[in-house]
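All remarks here apply to the structure that follows.
One is the number of the first residue; the rest follow in order along the sequence.
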Amino acid sequence: MSETSHSKNIVLVHGAFADGSSWSKVIPLLLAKGYKVTAVSNPLTTFQEDVAATKRAIAAQDGPVTLVGHSYGGVIITEAGNDPKVTALVYVAAFAPDAGQSIVEISKPFPPPPGPQTAVPVGDGFILLSPEGIATDFAQDLDEEEKALMIATQPQTSGSIFGAQPTQAAWRSKPSWYIVASNDRMIAPEHEASMAKQLDATTTTLPSSHVVMLSHPKEVAKVIEDAATGAR
């Protein structure tokens, strides 16, 4: 594995059922440390379009990039992270498939978490988590106002993304950091720990719901900063 060099550019990639505002607590902490931060707005229409949006954000940076992905965003950074500008990867309660693997495939060996069962179809192959699903399984450790905001801003997510397969896994050639959310009800915590081990990632475990960047922003910002500076 190549060692990362210091990166002042941080690109944040949200996951399914969320938008760029899911990084709203982490961004000010990173800005205060002098980093240039970009939160990608993934359309969540197809994997290819989400990767393209992330690649455009990487291309807009003026130097090395630390690429951060939450949840399904981990699949995106596994593909987009092959860009030569990317020097470090951070997986935040995120899927980290190998080349040719999908979320569905890599999840099979682990107990099915309750959160995905709360998804409801909204037409044209798109889905949403039910309000109850967000409140009890997606963001159960946020306050009521924060949960209501997540429900109101939840984007429609194409069901096709869960079958997406990266063509090349960036974590095989670049240093990785992983945050395990031990109270996650969207991805089995033991699955997260298994992925972190497979990546040989520098791993932090936090007692959090799936949206660890909202419930533990200081700790998440610290891990991102460690990745940007190469601290392992």
If we ignore hydrogens and angles and just use 3.5 Å, is the side chain of [X] paired with the main-chain N or O of [Y] as donor and acceptor?
X	Y	result
Y35	A228	no
S71	G73	no
S130	G133	yes
W177	A231	yes
E192	A181	yes

(message) For I77 versus A170, what's the shortest heavy-atom pair and its separation?
(response)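 In terms of heavy atoms, the two residues are closest at O-CB, 4.0 Å.
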When you check the gap from the basic side-chain N to the acidic O, do [X] and [Y] get nearer than 4.0 Å?
X	Y	value
K25	E146	yes
D98	R172	yes
D226	K222	yes

(request) Would you tell me whether N42 and Y72 have side-chain atoms, one donor and one acceptor, within less than 3.5 Å of each other? (result)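 Side chains of N42 and Y72: no pair found under 3.5 Å.
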(message) When you compare the side chains of E49 and T45, does any donor N or O come within less than 3.5 Å of an acceptor on the partner?
(response)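 Yes, a side-chain donor-acceptor pair sits under 3.5 Å.
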Distance check, rounded to the nearest 0.5 Å: [X] atom [atom1] versus [Y] atom [atom2]?
X	Y	atom1	atom2	value
L44	Q154	CG	CD	10.0 Å
L12	L67	CG	CG	9.0 Å
I103	H191	CD1	NE2	9.5 Å
L206	D184	CG	CG	11.5 Å

(message) Run the side-chain hydrogen bond (donor to acceptor under 3.5 Å, both in side chains) test on N9 and S7 for me, step by step, so that the C-alpha distance in whole Å, both residues' side-chain angles and the decisive distance to 0.1 Å come before the verdict.
(response) CA-CA 5 Å; N9 301 299; S7 163; 5.1 Å; no
(message) Does atom NZ (K33) have a neighbourhood of more than 12 heavy atoms from anything else shown, all under 6.0 Å?
(response)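 Counting neighbours around NZ of K33, 12 or fewer heavy atoms of other residues, nucleotides or ligands fall under 6.0 Å, so no.
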(message) More than 12 heavy atoms of other residues, nucleotides or ligands under 6.0 Å from CG of D62: yes or no?
(response)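 More than 12 heavy atoms, drawn from other residues, nucleotides or ligands, come within 6.0 Å of this atom.
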(message) The test is side-chain hydrogen bond (donor to acceptor under 3.5 Å, both in side chains); show your working for T118 and D137 and say whether it passes.
(response) CA-CA 8 Å; T118 69; D137 297 317; 4.7 Å; no
